[in-house]
Amino acid sequence: MIKTLNDVINFIEDNLANDIKLEDVAAYTGESDYHFRKVFQYISGIPLSEYIKNRKLAVANQDLVNGCSVTDTAFKYGYQSVDGFTRAFKTWSGYLPSEIKKTKIHLTYPKLSFYIDVRGGENMEVRIKEMPAFKIAGVSRRVPMQFEGVNNEIVELAKSITAEEREEMHRLQNLEPEQIINASYDADEKFLKDEGSLTHMIGVLTTKENISPVLDTVSVDAHTWAVFPNEGPFPETMQQTTARTYSEWLPSSNYELVEAPGFSFTIMDAEREDYAYSEIWMPVRKVKMQ
């Protein structure tokens, strides 16, 4: 995976003056568009589309410093108008392109390079589970993405669940893991920078059809699931496990992500404060070997 990521960076560098489509980048790797973009985001900390845009604008800055006209530079890097290029460049740099031509200010956005950082072996437990199609039935809302600490919007969502909604969830629950789960999906592109939002649902897994309209539902097709149990201080342990699934397990496994809501559940320890057992369920499929 590290070699693949570095190959992709070189592919982008070779095509900065071309119209780089995200699906073309994934096709270059031989992996699914959804899987590659998710892994790239988690490992690099930036969406693939934003990285490409930033690199284009950085080399455009160099062209302006070297004397290229604003018009030629705009069209060279795929902008349909000078106004569109000017807005994007100003947002990225804080300067107008014409100011860069006059002042010769050098602004950079370095090319990424991926490497393996070995910090000591640590076991990671995972089990593979086949699941039929099901629905997640519960309560949901858009919440801001937050990687660390307790997400207060999700806490408020949990507090808002009524007795009627709880009763209906209890009636519907009929599928493993048979716990109240937290599912997240429809994340914005900027979710890794804590700038975006996603849909969060607190609910249950069910195969029943007669679901009360008091609950929201989302349908999930039959998939293979990678299940990661973890235990320790909450929420830090679960958040660290999630990060490791992307940075360690997925790159070294024979599985890739599929586009479906992942979910988790947490059982708080009655005797230890802020300590819990959790499971993270990720929808995956086995990669076809070339």
Side-chain angles (χ1 to χ4, degrees), residues 1 34-35 38-39 41-43 117-138 143 145-151 154-155 157-158 169-170 172-185 187 191-192 198-207 218 220-287:
M1 175 57 75
Y34 179 80
H35 170 81
K38 292 284 280 188
V39 171
Q41 288 175 331
Y42 267 89
I43 293 179
D117 183 10
V118 179
R119 304 191 180 191
E122 193 173 342
N123 290 338
M124 191 170 195
E125 182 181 347
V126 59
R127 69 178 187 272
I128 303 300
K129 172 83 177 170
E130 299 295 331
M131 293 278 281
F134 59 84
K135 289 184 174 66
I136 304 175
V143 302
M145 183 61 195
Q146 182 177 319
F147 266 128
E148 297 181 354
V150 175
N151 190 318
I154 294 176
V155 171
L157 175 62
M169 282 191 272
H170 180 73
L172 292 169
Q173 183 174 287
N174 70 344
L175 199 63
E176 190 182 351
E178 297 188 355
Q179 300 283 341
I180 299 294
I181 62 94
N182 286 264
S184 297
Y185 49 97
F191 78 99
L192 279 172
L198 49 75
T199 299
H200 191 90
M201 178 178 284
I202 300 174
V204 296
L205 275 57
T206 184
T207 57
V218 59
V220 181
D221 292 335
H223 289 300
T224 302
W225 295 79
V227 183
F228 301 88
N230 58 95
E231 184 174 354
F234 180 82
E236 297 94 326
T237 303
M238 187 172 72
Q239 290 167 340
Q240 290 166 3
T241 301
T242 300
R244 290 185 65 204
T245 62
Y246 285 91
S247 63
E248 298 178 27
W249 186 78
L250 276 171
S252 62
S253 73
N254 289 323
Y255 290 90
E256 66 178 7
L257 293 171
V258 298
E259 193 165 2
F263 63 87
S264 65
F265 72 85
T266 298
I267 302 173
M268 299 303 298
D269 193 299
E271 299 180 356
R272 287 178 285 186
E273 186 177 0
D274 297 330
Y275 192 95
Y277 171 83
S278 301
E279 288 186 3
I280 299 163
W281 290 57
M282 297 176 63
V284 296
R285 64 177 163 227
K286 201 146 196 175
V287 178

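Note that the coordinates shown come from a computational prediction; the quantities given were computed from them, not determined experimentally. Along the sequence shown, the residues carry numbers beginning at 1.
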What's the separation between atom [atom1] in [X] and atom [atom2] in [Y], rounded to the nearest 0.5 Å?
{"X": "M268", "Y": "E273", "atom1": "CE", "atom2": "CD", "answer": "8.5 Å"}
{"X": "I136", "Y": "F263", "atom1": "CD1", "atom2": "CZ", "answer": "6.5 Å"}
{"X": "Q239", "Y": "R244", "atom1": "CD", "atom2": "CZ", "answer": "15.0 Å"}
{"X": "Q179", "Y": "T266", "atom1": "CD", "atom2": "OG1", "answer": "9.5 Å"}
{"X": "M282", "Y": "L257", "atom1": "CE", "atom2": "CG", "answer": "4.5 Å"}
{"X": "F134", "Y": "L175", "atom1": "CZ", "atom2": "CG", "answer": "6.5 Å"}

If only atom types and distance count, is the side chain of T206 paired as donor or acceptor with the main-chain N or O of L172 below 3.5 Å?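 Confirmed, T206 side chain pairs with L172 backbone.
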Is the backbone N or O of D274 less than 3.5 Å from a side-chain atom of D269, with the two atoms forming a donor-acceptor pair by type?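 Answer holds: no.
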With heavy-atom distances below 4.5 Å as the criterion, would you say the side chains of [X] and [Y] are in contact?
{"X": "W225", "Y": "V220", "answer": "yes"}
{"X": "T241", "Y": "I280", "answer": "yes"}
{"X": "M201", "Y": "N182", "answer": "no"}
{"X": "S264", "Y": "I181", "answer": "no"}
{"X": "E130", "Y": "T224", "answer": "yes"}

What closest approach, in Å, do I202 and M169 show between heavy atoms, and which atom pair accounts for it?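 That would be O-SD, 3.9 Å.
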Closest non-hydrogen atom pair between P229 and E279, with its separation: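 Where P229 meets E279 most closely, the heavy atoms are CA-CG, 4.0 Å.
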The criterion is side-chain hydrogen bond (donor to acceptor under 3.5 Å, both in side chains); which residues satisfy it with Y275, sequence neighbours excluded?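 Once residues adjacent in sequence are excluded, Y275 has no partner under the side-chain hydrogen bond (donor to acceptor under 3.5 Å, both in side chains) criterion.
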Under the criterion side-chain contact (heavy atoms from CB on, under 4.5 Å), I'd like the reasoning laid out for E176 against L205: C-alpha separation, chi angles, the key distance, then a yes or no. CA-CA 7 Å; E176 190 182 351; L205 275 57; over 6 Å; no
Does the salt bridge (Lys or Arg N to Asp or Glu O under 4.0 Å) test come out yes or no for R272 and E231, once each step is laid out? CA-CA 12 Å; R272 287 178 285 186; E231 184 174 354; 3.8 Å; yes
Determine which pairs satisfy ring-ring contact (aromatic ring centres under 6.0 Å, His included) with at least one residue from residues 229-261, sequence neighbours left out, and list them in order.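 Sorted pair list: Y42-Y246, F228-W249, W249-Y255.
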So, are K38 and E256 salt-bridged, with charged N and O less than 4.0 Å apart?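 E256 and K38: not salt-bridged.
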